[in-house]
Amino acid sequence: PAWPYHFSYVTTAQRGQLPNAAHAAEIPYVFGNGAALARATSEEDRAMERLVHGCWVGFARTARPECPGGVAWPAYRPGEDRLLEFGQETGVRAGFRKAFLDAAERASAYAPR
């Protein structure tokens with residue numbers, strides 16, 4: 001199984017300066033290295049680090065992302081189109097960016113014709 005996710009969390013200090021999280025911005029959170037989160041200045045930032053790190057540790061232990069606090073991370077299932085978004089409001093999203101992703105797939109050379 002695969003567990004799709006989207007990381008959109010921007011640290012409290014960077015909000016208003018960045019429109020969204022950069023590609024691979026979740027990596028310091030995954031490893032739970034507080035020193036790597038030099039821009040993390042609030043309890044909210046540290047809570048996101050604990051959540052993301054906890055999810056990945058749960059995955060390493062059990063081969064499924066078992067997140068702290070009972071946060072649900074759904075496995076991919078064809079037709080359900082659900083993922084976990086790690087953001088200011090973390091939660092399961094259905095149809096995440098569906099119109100954009102469907103258009104990109106249609107425009108792709110790899111799309112079924």
For a ring pair (Phe, Tyr, Trp, His ring centres under 6.0 Å) check, start with the C-alpha distance between His6 and Phe96, then their side-chain angles and the critical distance, and finish with the verdict. CA-CA 9 Å; His6 178 75; Phe96 183 79; 4.7 Å; yes
Between Cys55 and Pro68, what is the shortest heavy-atom contact and its length? N-CD, 3.8 Å
Could you tell me which non-hydrogen atom of Thr90 sits nearest to which non-hydrogen atom of Gly87, and how far apart they are? OG1-O, 3.1 Å
When rounded to the nearest 0.5 Å, the distance separating CD of Gln17 from OG1 of Thr11 is 8.0 Å
Would you check if the side chain of Asp45 reaches a backbone N or O of Ser42 as a donor-acceptor pair within less than 3.5 Å? yes
Identify whether Val30 and Phe59 are in the same connected component of the hydrophobic contact network (ILVMFWY, side-chain heavy atoms under 4.5 Å). yes
Atom CZ in Phe86, atom OH in Tyr5: separation rounded to 0.5 Å? 8.0 Å
Decide whether Leu84 and Trp3 are clustered together by the hydrophobic rule: side chain heavy atoms of Ile, Leu, Val, Met, Phe, Trp, Tyr closer than 4.5 Å, transitively. yes
Set out, in order, the CA-CA distance, both residues' side-chain angles and the distance that settles side-chain contact (heavy atoms from CB on, under 4.5 Å) for Gln88 and Met48, then state yes or no. CA-CA 9 Å; Gln88 274 185 264; Met48 180 57 70; over 6 Å; no
Would you please indicate yes or no on a ring centroid separation below 6.0 angstrom for Phe7 and Tyr29? yes
Quick check: do Arg15 and Tyr9 have side-chain heavy atoms less than 4.5 Å from each other? yes
So which heavy atom on Val10 is nearest to which on Asn20, and how close? CG2-C, 3.5 Å
Pair Arg97 + Glu85, salt bridge at N-O below 4.0 Å: no
Verify whether the ring centers belonging to Trp73 and Trp56 lie closer than 6.0 Å. yes
Testing the basics here: between Arg82 and Pro74, what is the closest heavy-atom pair and its distance to 0.1 Å? NH2-CB, 3.1 Å
Is the number of heavy atoms from other residues, nucleotides or ligands under 6.0 Å of Glu43 CD greater than 12? yes
For Pro28 against Ala25, the heavy-atom pair lying closest together: CD-O, 3.3 Å
Roughly how far apart are Arg93 CZ and Ser8 OG, rounded to 0.5 Å? 7.5 Å
